[in-house]
Number of protein chains: 2
Amino acid sequence: MGRPPDKSPLKALDRGLLPSLMGYALRRTQSAVFADFAATFAKAGEALTPGEFGLLVLVDRNAGLSQMALARALGIDRSTLVPILDRLQARGLVVRRPSPTDGRTHALALTASGEKALARFARLVRAHEKRIASGLSASETRTLIDLLEKVRASARSL
Amino acid sequence: MGRPPDKSPLKALDRGLLPSLMGYALRRTQSAVFADFAATFAKAGEALTPGEFGLLVLVDRNAGLSQMALARALGIDRSTLVPILDRLQARGLVVRRPSPTDGRTHALALTASGEKALARFARLVRAHEKRIASGLSASETRTLIDLLEKVRASARSL
DNA sequence: GCGGATTGTTTGGGGAGCAAACAAATTCGC
DNA sequence: GCGAATTTGTTTGCTCCCCAAACAATCCGC
């Protein structure tokens with residue numbers, strides 16, 4: 001009874017109930033996808049996070065946006081947005097212009113080089129998306145996004 | 001041409017290509033699910049992150065585990081694990097015992113109160129999972145987890 | 001035009017993650 | 001068997017994300 005505790009270097013661990021948990025799969029997949037995103041950009045000599053990409057798209061498609069509106073769209077606090085915008089502005093991709101109609105707010109916009117960069121980034125994102133979806137059919141990809149949206153709707157705060 | 005810029009407080013933003021991106025859906029859903037997890041625990045007067053829960057389950061099911069093995073199973077660096085274990089140990093849930101067979105490693109284990117806490121936590125996690133899956137049928141939930149696993153397999157590092 | 005709300009910023013706090021360096025202990029090479 | 005290489009846990013330093021509270025400037029209601 002009791003063979004000596006297995007010292008083989010690659011023993012698979014017992015994960016208990018974890019594999020049956022949606023939240024667990026979500027977290028692990030998200031982390032792997034994030035790594036793939038970063039690697040895709042690094043290999044192209046670019047640096048961008050998924051969050052920054054989302055921000056750039058939102059600013060591109062909604063020029064003149066205020067920081068509050070952007071923060072709400074991103075689901076983050078307005079104070080969290082400040083250093084992110086600082087960084088993007090320091091890279092010359094985004095500008096904070098004074099709003100002509102409201103002295104409290106900034107009218108956010110992409111710079112010319114921000115537009116050009118976003119076009120490059122979008123190509124990389126498409127390549128990244130293609131790779132992470134490579135194990136799925138087109139309809140499976142659609143299904144996955146739909147199911148994720150349903151889950152998101154049910155997870156609403158409280 | 002150009003009615004005055006719509007100042008209505010809840011104008012839906014143009015999200016461009018974002019809604020078609022799996023990575024985007026993944027990130028937003030993960031964030032909502034995380035918030036639901038935190039809210040579930042807060043309402044029960046407990047405090048735990050999804051990562052901590054995964055760690056507790058792994059230690060429970062694989063008593064005597066080393067920190068390296070645990071870090072590998074969690075997909076994080078061994079130096080990242082240290083403060084997390086410190087915190088859990090300070091809460092009296094986990095112990096680092098000297099390994100009888102290898103003086104370099106610690107044999108991790110749950111304390112008695114760690115076991116009891118994990119039982120409480122598992123109940124909360126099940127309630128949380130039930131809620132976030134409330135918009136999905138059982139087979140849809142299964143499908144979602146399977147698709148997530150497929151994506152994770154395709155996203156492998158590089 | 002005055003008081004209350006909104007906006008952007010700053011400060012303070014916490015957690016997650018990596019890389020590099022280090023001491024202690026083990027294992028490998030021979 | 002014994003020195004060298006490797007492994008493990010830790011510390012330090014860095015970056016990033018996130019929130020809450022406070023504050024000044026500005027706007028809006030009345």
Side-chain angles (χ1 to χ4, degrees), chain A residues 7-10 27-28 30-35 37-39 41-42 47-55 64-91 94-108 157, chain B residues 7-10 27-28 30-35 37-39 41-42 47-55 64-91 94-108 157:
Chain A
K7 290 258 263 177
S8 68
L10 281 176
R27 206 159 53 83
R28 305 194 97 214
Q30 215 274 329
S31 153
V33 166
F34 183 96
F37 187 102
F41 274 72
L48 203 75
T49 66
E52 288 169 343
F53 178 73
L55 185 154
L65 204 62
S66 75
Q67 294 183 199
M68 261 312 285
L70 179 56
R72 253 190 304 263
L74 292 171
I76 63 178
D77 193 88
R78 66 190 196 279
S79 67
T80 301
L81 183 56
V82 173
I84 301 175
L85 273 180
D86 287 349
R87 200 174 341 124
L88 260 15
Q89 188 161 22
R91 287 172 66 177
V94 171
V95 275
R96 285 187 253 222
R97 280 194 255 272
S99 163
T101 66
D102 187 336
R104 294 168 301 176
T105 71
H106 289 155
L108 300 173
S157 22
Chain B
K7 290 261 264 182
S8 68
L10 281 177
R27 208 160 50 83
R28 305 194 95 214
Q30 215 273 329
S31 152
V33 166
F34 184 95
F37 187 102
F41 275 71
L48 203 75
T49 66
E52 288 168 343
F53 179 73
L55 185 154
L65 203 61
S66 76
Q67 294 184 199
M68 262 311 288
L70 179 55
R72 252 189 305 264
L74 293 172
I76 64 178
D77 193 88
R78 66 190 196 280
S79 67
T80 302
L81 183 57
V82 173
I84 301 174
L85 274 180
D86 287 349
R87 201 177 339 125
L88 261 14
Q89 188 160 25
R91 288 173 65 177
V94 170
V95 275
R96 284 188 254 223
R97 279 194 256 272
S99 162
T101 67
D102 187 335
R104 294 168 301 178
T105 71
H106 288 154
L108 300 173
S157 23

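Side chains are part of it too, since the values below use all heavy atoms of this structure and drop only hydrogens, waters and symmetry mates. What you see is a predicted model; the values in this text were computed from it and never measured. Letters A, B, ... are given to chains in the order of the sequence lines, protein chains preceding strands, and every chain is numbered from 1.
When the side chain to side chain donor-acceptor pair (under 3.5 Å) test is applied to A:Arg87, the partners found at least two apart in sequence or on another chain are A:Glu52.
To the nearest 0.5 angstrom, A:Met68 atom CE is 11.0 Å from A:Leu65 atom CG. Separating the NE2 atom in A:His106 from the CG atom in A:Leu70 is a distance of 13.0 Å, to the nearest 0.5 Å. Note that CG of B:Leu88 and CG of B:Leu55 are 6.0 Å apart. Values are rounded to the nearest 0.5 Å. Here CD of A:Gln89 is found 8.5 Å from CG of A:Leu108. Values are rounded to the nearest 0.5 Å. B:Phe37 CZ to B:Leu48 CG: the interatomic distance, rounded to the nearest 0.5 Å, is 5.5 Å.
To the nearest angstrom, C1' of C:dG17 lies 13 Å from CG of B:Leu74. The separation between B:Met68 atom CE and C:dA24 atom C1' is 16 Å, rounded to whole Å. Atom CG in B:Asp86 sits about 11 Å away from atom C1' in D:dG9, given to the nearest Å. Atom CG in A:Asp77 sits roughly 10 Å away from atom C1' in D:dA21 (whole-Å rounding). Distance A:Arg78 CZ to C:dA5 P: 14 Å, rounded to the nearest Å. At whole-Å resolution of the value, CG in A:Leu85 and C1' in C:dT9 are 12 Å apart. If you take CZ of A:Phe37 and P of D:dC16, they are 15 Å apart, rounded to a whole angstrom. In this structure, the CZ atom of B:Arg72 is 17 Å from the C1' atom of C:dC18, given to the nearest Å.
Taking 4.5 Å as the limit, every side-chain heavy atom of A:Gln67 sits out of range of all side-chain heavy atoms of A:Arg78. Between A:Gln30 and B:Val33, every side-chain heavy-atom pair lies at or beyond the 4.5 Å cut-off.
For B:Thr105, the side-chain atoms get nearest to D:dG9 when compared with the rest of C:dT9, D:dC19, D:dG9.
The 5' end of DNA chain C is approached more closely, in terms of each residue's nearest nucleotide, by A:Pro83 than by the other of A:Pro83 and B:Gly103. Taking the nucleotide of DNA chain C with the nearest heavy atom to each of A:Leu65 and A:Arg27, the more 5' of the two is matched to A:Leu65.
Applying the 4.0 Å criterion to OP1 and OP2 of C:dT6, one finds that A:Gln67 has every side-chain N and O outside that range. Residue A:Arg104 places no side-chain N or O under 4.0 Å from the OP1 or OP2 atom of D:dC23.
Exactly one residue among B:Thr80, B:Leu85, B:Ile84, B:Asp86 makes a side-chain contact (heavy atoms from CB on, under 4.5 Å) with B:Val82. That residue is B:Asp86.
One end of the helix from C:dG1-D:dC30 to C:dC30-D:dG1 points its axis 30° away from the other end's axis, with each axis taken from 5 pairs and the angle rounded to 10°.
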Show me the protein contacts with nucleotides 11-16 of chain C, counting only N or O atoms at under 3.5 Å.
residue	atom	partner	partner atom	Å
C:dA16	OP2	B:Arg87	NH2	2.5

